[in-house]
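Everything numeric here is computed off the predicted structure, so don't read it as measured data. Convention: sequence-line order gives letters A, B, ...; per-chain numbering from 1.
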Number of protein chains: 2
Amino acid sequence: MKRAREKFQALLKRNGLKLTKQRIALLDAVYATHRHFSAEDLHRDLQKLGHSVSVATVYRSLNLLVEGGLVQGLDVGKGRVLYEHTLGHEHHDHMVCLDCGKITEFQSPEIEELQDVAARAHRFVTVSHSLKLFGYCSHCAKKHPIAEERPAPNTRSGA
Amino acid sequence: MKRAREKFQALLKRNGLKLTKQRIALLDAVYATHRHFSAEDLHRDLQKLGHSVSVATVYRSLNLLVEGGLVQGLDVGKGRVLYEHTLGHEHHDHMVCLDCGKITEFQSPEIEELQDVAARAHRFVTVSHSLKLFGYCSHCAKKHPIAEERPAPNTRSGA
DNA sequence: TTTCATGCAAAACATTTGCAAGTCT
DNA sequence: AGACTTGCAAATGTTTTGCATGAAA
């Protein structure tokens, strides 16, 4: 994506950082996929592509991209963080399947609005938010009868 | 809290586990505080109380309590997990101050309902959910003019 | 050339685990 | 006695860091 490159270069310039071949390869790889990937996934993908960027650089660049708003981290628990690029994607929240790990995205402007209401009520200035539902995707739920029988889960939370 | 003890004993019995002095001390400590604490905090508190329960046991017991639903984990990112006891506390979500770390709890039945709607729409069986707002608490926002000036943040997300 | 970036390996963290010794039932 | 727990230390998995070398501006 061209706009990603431009934004990236602006980000680098703005912070007096340099455009290296590693950073280019990494940005391209990040914007080439439309899945949620871990730092390790990205590192592996880069190697496959012949750009062996070190793990350290993968982490450093990923952090840079997150700070610059070009990439977003999704903490799926147990210290696992998945990333996704942001440009070209509307804001959304996630459902995480506890069985197969599948990530389903969903949107709810109403929820966003209610979050703002809650924040205002507490004079809290929101910078970002994270809403995740953990459970079983439509496919895996079939394998978990207990899960399917479960009553309304809205009083339980892992928040 | 007496009910916590009872529930705990039932949990142990149900799973063929034993009631040890470490577990008793830990449960009491967990239910004695009304703050959000880390495993390390708990370990330290127990030592102060004269019950030196090992770190390994703190983790093992905490996991047991979480599985048993007596305690809830709150993943605040960067691999940090804070815990809170559940009995005697209504369900709620959290606002995490990026400056002072203060945790503010809030409730929104409307959001819960909308989450269920979204889950149903995707035939997703929710087991738990996590909604966190990251930003600045009313106190710290004053020290962060940039944060205060920020426009409606509902299009950004760390989800 | 000056500054920043990279790769490597070591370090840092938080949490988990194997195992022998100790406790609860 | 028998099964489960504990503490210790080693292991784990992930991410960060110090430092010398190499690349960009």
Sugar-phosphate, base or nothing in reach of N15(A), heavy atoms under 4.0 Å: nothing
Comparing N63(B) and T20(A) on DNA chain C - which has the more 5′ nearest nucleotide: T20(A)
Minimum heavy-atom distance D75(A)-K132(A), with the two atoms named: O-NZ, 2.5 Å
Atom of L87(B), atom of Y31(B) and distance for their closest heavy-atom approach: N-OH, 3.1 Å
Presence of donor-acceptor pair under 3.5 Å, side chain of K18(B) and base of dA3(D): yes
Gap between atoms CD1 and P, on I24(A) and dA24(D) respectively (whole Å): 9 Å
Under-4.0 Å side-chain N/O to phosphate OP1/OP2 contact, K78(A) with dT14(D): no
Ring geometry between H89(B) and H85(B) (parallel below 30°, tilted from 30 to 60°, perpendicular above 60°): tilted
Sugar-phosphate, base or nothing in reach of V53(B), heavy atoms under 4.0 Å: sugar-phosphate
Nearest-Å distance for atom pair CZ/P, residues R80(A) and dT15(C): 15 Å
Sugar-phosphate, base or nothing in reach of R60(B), heavy atoms under 4.0 Å: base
Axis-to-axis angle between the two ends of the helix from dT1(C)-dA25(D) to dT25(C)-dA1(D) (five base pairs per end, rounded to 10 degrees): 30°
Sugar-phosphate, base or nothing in reach of S61(A), heavy atoms under 4.0 Å: nothing
H91(A): which of Q107(A), H129(A), Q72(A) passes side chain to side chain donor-acceptor pair (under 3.5 Å): H129(A)
Under 4.5 Å side-chain linkage, directly or through intermediates, the cluster mates of Y59(A): V55(A)
Residue R23(B), side-chain heavy atoms: nucleotide from dA5(C), dT14(D), dT5(D) that is nearest: dT5(D)
N/O (side chain, Q22(B)) to phosphate O (OP1/OP2, dG7(D)) under 4.0 Å: yes
Candidate list K21(B), K2(B), R23(B), R5(B), test salt bridge (Lys or Arg N to Asp or Glu O under 4.0 Å), partner D28(B), passing option: R5(B)
Ring centres under 6.0 angstrom apart (H51(A), H43(A)): no
